[in-house]
Amino acid sequence: MKPIPVSEQRAFVDRLAQACGGAYSPETRRKYYISGPQWAAAYEGHALFHAPTRTPVGFEEVIREYGKIGIAHWATHDTDVIPTAALGNDQQTEIVDRIKKSLAENGLACSMVTTETFHHAVWAASPAAESPEVRQYAAWRLSNTVGIGHELGAQFAVYWPGSLGYFVQGAIEETQTLRWYAEGLNAACEADIEIAKKYGRPTLKHCMEAKPFEPQAEILLPTSDAMLAFIASGLLKHPDMVGLNPEYLHELMWGGAPRAALARALVAGKLFHFDINDGYRLKHDVDIAVGLVNPLDWLNVLVLLRSHNYNGPFNLDYKPPRTTSNHGVFSVSFPTAVDRFITLWEMAGEVIADPIIHDATEALKAGGGPVENPHDVEAITASNRELLTLHELIAHRLVQILIGQHRGRTYSV
Ligand code: XLS
Ligand code: MG
Ligand code: MG
């Protein structure tokens, strides 16, 4: 192939993206509770050892582009859009008004707000640091975000505690730090009760998000399960207001099965919000877009959520790769992520309705019938021995559905 001149590269990429097919219309995409975070689209490709590869984009552009794609909800950290020094003053009011206008003009709603308690130097020792001034400031920041959430019409507030942990042993006392962390959440819930009254709105759903490592060496609440225990620990004044925002990759990172983590959140009634992305086990928080690494697992995750009527947001918390251009973020990265999600979600419906999977799972539950002596271990083992082969058949069927083989896709050899 001849070199593609710079002036023709966008058109070339757009033509191939178009040729991929399998895209949904913006109207169809809007029917799903999919949210696009400000920080995901505005991510410039930087990291500790990585220089930015993209130029900054502000919320007006992100909201406009999400609107064009058909991403109907938007989420943000306070400092993604408001400079830290401007928080709580007139500039905050002015920016929040501009956000409201931008959302309305582009047909989006704000679903979630979250407080940045990890990036600024003030959080070096976490938002539950020893210094009472840091903790007071943290409580104020969380409450201020709740206020922004109500002003923007959000339903959820997310808490990723970032540096809640330590690099060096013995530097902090874990039980004390957890108590202090609870105080921050308590302040946010109390503020919410007051602010919600003023706005005549229901209180927000407060969602804790775990990540097992990064940025600290040892994390106090590394998993969604740890957070469930924390919510039930008695340290929270309003545990009913607090649930989880599991992130798919964050569960995979510690070696867990995301679907099992979600199941534990579901049985506890705490699956409020869900950050969707993909990546690898026991590795860095690579935040790859949904379905690019583990599509089969993703299909299974969505089968679980569909069959339990999960109706919270699917938040596209991923990072377009450093190789993707500013244009590519909105022309390739976000639309393809949304379309893979929708296809996997609809496919999950197909799995639930599939007669083979249905018959197999029902047969496994029916078993081989009662045995004469209910303590006869050999008879119990033998009674459904043949039926157990269905486990593997179910797995095969799921892969068939994923790759279209169930529709008779074969190759002539
Ligand atoms: C970081 C988290 C973050 C939260 C919101 O790893 O995923 O993006 O979702 O602070
Ligand atoms: Mg996240
Ligand atoms: Mg992540």
Salt-bridge test for E105 and R64: reply yes if a basic N is under 4.0 Å from a carboxylate O, no otherwise. no
In terms of side-chain heavy atoms, does N277 have a donor or acceptor partner in D317 at a distance below 3.5 Å? no
Between S126 and Y181, a side-chain donor and acceptor under 3.5 Å: no
Taking the basic N atoms (NZ, or NE/NH1/NH2) and the acidic carboxylate oxygens, is any pair closer than 4.0 Å for E183 and K237? no
Are R179 and Q176 close enough that a side-chain donor and a side-chain acceptor fall under 3.5 Å? no
Centroid separation under 6.0 Å, is that true for the rings of F118 and H77? yes
Electrostatic pair R264:E251 at N-O distance under 4.0 angstrom: no
Y32 ring center within less than 6.0 Å of F314 ring center: no
Closer than 3.5 angstrom, by distance alone: can the side chain of S333 be matched with the main-chain N or O of F330 as a donor-acceptor pair? no
Is there a side-chain contact between Y159 and L164, using heavy atoms and a 4.5 Å cut-off? no
Aromatic centroids of F334 and Y66 separated by under 6.0 Å: yes
So do H406 and V351 actually touch side chain to side chain, heavy atoms under 4.5 Å? no
Check: R259 side chain, W298 main-chain N or O, donor-acceptor pair, under 3.5 Å: no
Check the angle between the aromatic planes of Y310 and F274 and answer parallel, tilted or perpendicular using the 30° and 60° thresholds. perpendicular
Does either side chain, that of D192 or that of H150, offer a donor lying less than 3.5 Å from an acceptor on the other one? yes
Looking at A129, is its backbone amide N or carbonyl O close enough to the side chain of R135 to form a donor-acceptor pair, meaning the two atoms are under 3.5 Å apart? yes
Measure from the side-chain N and O atoms of S131 to the backbone N and O of E133, and report whether any donor-acceptor pair falls under 3.5 Å. yes
In a check of side chain to side chain contact (heavy atoms under 4.5 Å, CB included) between R29 and each of I71, I34, I342, which one passes? I342
Pair Y24, T343: side-chain N/O donor-acceptor within cut-off below 3.5 Å: yes
Hey, does the side chain of D278 reach the backbone of I288 with a donor-acceptor pair shorter than 3.5 angstrom? no
Aromatic ring pairing W345/F341, orientation class (parallel under 30°, perpendicular over 60°, tilted between): parallel
